[in-house]
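Below is one structure; the comments refer to it alone.
The residues of the chain are indexed from 1 along the displayed sequence. When reading the values below, keep in mind they use all heavy atoms of this one structure, side chains included, and skip hydrogens, waters and symmetry mates.
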Amino acid sequence: MRTALMAAATALLLAATGCSVAGAAGGASEGDGGTTTVVVGYQSKTINTVTAGTLLRSLGYLEKRLGPRYTVEWQDYDTGAPITAKMVAGKIDIGSMGDYPLLINAARTQNVPSARTEMISITGYNLRGGLNMVLVSPTSSARTLADLAGTKVSASVGSAGHGTLVQALERAGIGADVVNHQPAVGAAQLESGGVQGYAQFVAWPGLLAFQNKGRLVYDGSALDVPTFHGVVVRKAYAEEHPEVVDAFLKAQIDATRYLHEHPVEAAESVAEATGLPPEVVYLYNGRGGIATFDVTLKEPLQAAHQRDVAYLKRISPGFSGVDVSAFVNDSYLRKAYGEDYDADRASTANPAAVTGTDAACGKPVDDPETASELWLTGEKDLRPAATPTCLLRQVAAATAQVRAAYVPDTTTGTRWFADRAVWLRDPGAGPEHRFLPFTTQEGADAYRAKHLGTRPVGYADALEAAGGDDR
């Protein structure tokens, strides 16, 4: 497996090298009517980047900040690799991508003065790694990652999802044949049986699970390694056009605030722009979602990035390494953000927590480790639940169709669809904590091994019990 991964990663790096900055225009170009064109590369379906891409574009905040002298050209891609290639060529000024692609971006540009990039902000993150997951077909006999040993697993080589897969395989001491696919191609291959596993980044795992085209066997949170997406800018461009960088960062801060204050509207906007179901977008980007949206360049993320450098060196002989401290530049963000930057940088609390009063259990929703939500057809706002058990009671009592019900994994906190979770019943727990959800069978089995009184229970049976006399 290691040989195949090294060859694929080397090919990716060489592909990026194929673009040369020779003859490329430095800085923004002149557009129609004498305006200056700013080129932004983004990934519309990678919804952990929406505050620097899809949502930012739909809100028009960047254009408003820049004014009529500038024209923004938005270029949409499935992964970070083509954005990096175009930045090397001087054809994209600002881009957003995941943690592993960011390092490859830095490696390809650090020794080319006219193309050198700097990471200037974060879009969203998950401190445990829950943005990346591995799925199998719903009909697969595989129940854990170990069951994929020796099989074909689809991944986008060099992506954050690929990085999670390789680390998880190494930690488990198993091998697999990693097949390099774009996310949509890999999804089709999983459905057709061309591959037995599918390792991808946000929002593909949630989409396949929601559509019942995939079943989760590995939650990236099990690694307990932060994963994130960030924004890069060409250094020479930033020095020549600091006003554009300042406007971009202030617009990103505005978009982040909008997402926190209007999570349903933001999810629906992203869904309309991408074709993703709103329920999937909200899984990641809503209150208490898998992704925490915060632009600040936090120390745990930078430390994780440094560990990723050593890891990429091991799996790819074409990766020369990156000085992360030199690559990260928060000076532009500090200026745009203001005096609260250091305090907010030090915090890792999700600014968009689930709050309110639980109608079924009659108590405040104030614990992010158990807070859940119910989305009913015809209702604009989601109903908060204090615990997953309280959520089950609400679902059982609902008179309208359930669009989605969200619960946090009992161990990792990863938010997941309640009807796609693996459930345990703990008869010794209090009546409001009796039913425990997990994203994977492996997670549930590990919990049972330490809590011998717990028993497996199907979702339908849990609903019936929670809505009946099991209180």
Side-chain angles (χ1 to χ4, degrees), residues 11-46 49-54 56-57 62-63 65-66 69-121 123 156-160 182-183 229-249 251-252 273 318-320 322 327 329 332:
L12 181 73
L13 290 166
L14 290 175
T17 311
C19 291
S20 169
V21 295
S29 59
E30 291 299 317
D32 295 336
T35 61
T36 299
T37 300
V38 181
V39 185
V40 179
Y42 73 112
Q43 304 168 63
S44 64
K45 287 186 170 61
T46 306
T49 66
V50 295
T51 54
T54 309
L56 178 60
R57 180 180 185 179
L62 178 56
E63 289 80 356
R65 287 277 184 182
L66 288 172
R69 290 180 48 221
Y70 296 88
T71 298
V72 181
E73 179 182 325
W74 298 89
Q75 296 187 5
D76 185 11
Y77 299 94
D78 288 336
T79 65
I83 297 176
T84 289
K86 284 205 166 187
M87 294 189 85
V88 171
K91 301 300 185 183
I92 286 180
D93 305 315
I94 301 171
S96 56
M97 59 194 71
D99 41 18
Y100 275 73
L102 283 166
L103 291 176
I104 293 174
N105 179 287
R108 297 314 318 153
T109 65
Q110 295 312 283
N111 295 322
V112 184
S114 57
R116 183 172 182 172
T117 59
E118 293 178 322
M119 185 167 73
I120 57 173
S121 70
T123 55
S156 300
V157 171
S159 71
Q182 291 286 80
H229 290 68
V231 176
V232 285
V233 63
R234 291 191 293 111
K235 186 174 185 294
Y237 177 84
E239 292 173 348
E240 185 177 353
H241 298 280
E243 77 286 354
V244 173
V245 177
D246 185 68
F248 184 92
L249 291 172
Q252 186 191 349
F319 181 73
S320 59
V322 172
F327 176 50
N329 179 1
Y332 293 103

What's the separation between atom [atom1] in [X] and atom [atom2] in [Y], rounded to the nearest 0.5 Å?
X: D93; Y: M87; atom1: CG; atom2: CE; value: 7.5 Å
X: Y70; Y: E243; atom1: OH; atom2: CD; value: 3.5 Å
X: S156; Y: D78; atom1: OG; atom2: CG; value: 8.0 Å

Quiz item: Is Y77 close to T84 at the side-chain level, that is, under 4.5 Å between some pair of heavy atoms?
Solution: no
Practice problem: Answer whether the closest heavy-atom distance between the side chains of V112 and V88 falls below 4.5 Å. | Solution: no
Quiz prompt | By salt bridge (charged side-chain N to carboxylate O under 4.0 Å, His left out) - contacts of E239 (at least two apart) | solution =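 Residues passing salt bridge (charged side-chain N to carboxylate O under 4.0 Å, His left out) with E239: K235.
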Quiz prompt | Under the salt bridge (charged side-chain N to carboxylate O under 4.0 Å, His left out) test, residues paired with R116 that sit two or more places apart | solution =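 For R116 there are no salt bridge (charged side-chain N to carboxylate O under 4.0 Å, His left out) partners, ignoring immediate neighbours.
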Tell me every residue that passes side-chain contact (heavy atoms from CB on, under 4.5 Å) with [X], counting only those two or more places apart in sequence or in another chain.
X: E73; value: T37, V39, Q75
X: A238; value: V233, V245, Y332
X: A160; value: D99, N132, T227

Testing the basics here: between [X] and [Y], what is the closest heavy-atom pair and its distance to 0.1 Å?
X: A273; Y: T54; value: CB-CG2, 3.6 Å
X: L62; Y: F248; value: CD1-CA, 3.6 Å
X: L66; Y: A247; value: CD2-CB, 3.6 Å
X: V232; Y: F327; value: CG1-CZ, 3.6 Å
X: V231; Y: A52; value: CG2-CB, 3.7 Å
X: R234; Y: S114; value: NH1-O, 3.9 Å

Quiz item: Between the side chain of T123 and the main-chain N/O of H229, is any donor-acceptor distance below 3.5 Å?
Solution: yes
Quiz item: Does L56 offer a backbone N or O that forms a donor-acceptor pair with the side chain of Q252 under 3.5 Å?
Solution: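 Not a single qualifying donor-acceptor pair exists.
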Quiz item: Between T79 and S159, is any side-chain donor less than 3.5 angstrom from a side-chain acceptor?
Solution: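 The criterion, which ignores hydrogens and geometry beyond distance, is not satisfied for S159 and T79.
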Test side chain to side chain donor-acceptor pair (under 3.5 Å) applied to [X] - qualifying residues, sequence neighbours left out:
X: Q182; value: none
X: D76; value: S44
X: D246; value: K250
X: T117; value: N105, T109

Exercise. Apply ring pair (Phe, Tyr, Trp, His ring centres under 6.0 Å) to Y42 and list each qualifying residue two or more places apart in sequence or on a separate chain.
Key: W74
